[in-house]
Amino acid sequence: MYTIGEKMVKPGVYFIDIQRTVQHALQQELQQLGIKDYTEVNKYMPHGLGHSVGLQVHDFPQIMHIGPLCEGMVLTIEPGIYVPEVCVRIENTIVVTKSGCRVLSNDVLW
């Protein structure tokens, strides 16, 4: 899920579109796992996909409401999946570049 979101980050893309794409992919994965209510993605990823990073860890306004991504913006991509007995969440901090993004937290081991 994480790489799907990261690959979409570039100037001009709306963060809400990235989140929707990741949620759709998560829905497909839940279905393949045999989760009966797989369409209820928010039940299994109850938080947003990420947030902007600036002077505060969670800057305001929310990244969903600021328009398209622009070069130089710093944000997180942090999908998570919470199914019974298994919880996984990966968070990386990235900066939007002229043609895509650069992961600032690449040296952190998963």
Determine whether [X] and [Y] make a side-chain contact, defined as any pair of heavy atoms from C-beta on separated by less than 4.5 Å.
X: N92; Y: I77; answer: no
X: E29; Y: I35; answer: no
X: V96; Y: P11; answer: yes
X: M45; Y: P79; answer: yes
X: K10; Y: L69; answer: no

Which atom of [X] lies closest to which atom of [Y], heavy atoms considered:
X: D37; Y: K43; answer: OD2-NZ, 2.7 Å
X: P46; Y: Y82; answer: CD-CD1, 3.5 Å
X: M8; Y: D17; answer: CE-O, 3.9 Å
X: G80; Y: H47; answer: N-CE1, 3.7 Å

Quick one: list whatever passes side-chain hydrogen bond (donor to acceptor under 3.5 Å, both in side chains) with Q31, sequence neighbours left out.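 Q31 satisfies side-chain hydrogen bond (donor to acceptor under 3.5 Å, both in side chains) with Y38 only.
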
I'd like to know if the side chain of Q19 and the backbone of L49 have a donor-acceptor N/O pair within less than 3.5 Å.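 Side chain of Q19 to backbone of L49: a pair is present.
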
Any chance you could measure Q27, atom CD, to N42, atom CG, to the nearest 0.5 Å?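 Rounded to the nearest 0.5 Å, the CD-CG separation comes to 10.0 Å.
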
For H24, does the NE2 atom sit with more than 12 other heavy atoms under 6.0 Å from it, leaving out its own atoms?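 No - once you tally the heavy atoms of other residues, nucleotides and ligands closer than 6.0 Å, there are 12 at most.
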
C101/E6 under side-chain contact (heavy atoms from CB on, under 4.5 Å): CA gap, chis, key distance, verdict: CA-CA 8 Å; C101 70; E6 180 188 320; 3.7 Å; yes

Among all residues two or more places apart in sequence or in another chain, which pass the side-chain contact (heavy atoms from CB on, under 4.5 Å) test with T76?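 Partners of T76 by the side-chain contact (heavy atoms from CB on, under 4.5 Å) criterion, ordered by chain and then number, come out as H51, V53, E78, E91, T93.
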
For I18, run the side chain to side chain contact (heavy atoms under 4.5 Å, CB included) check against L75, I4, V9 and tell me which one passes.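 Checked L75, I4, V9 against I18; only one passes side chain to side chain contact (heavy atoms under 4.5 Å, CB included): V9.
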
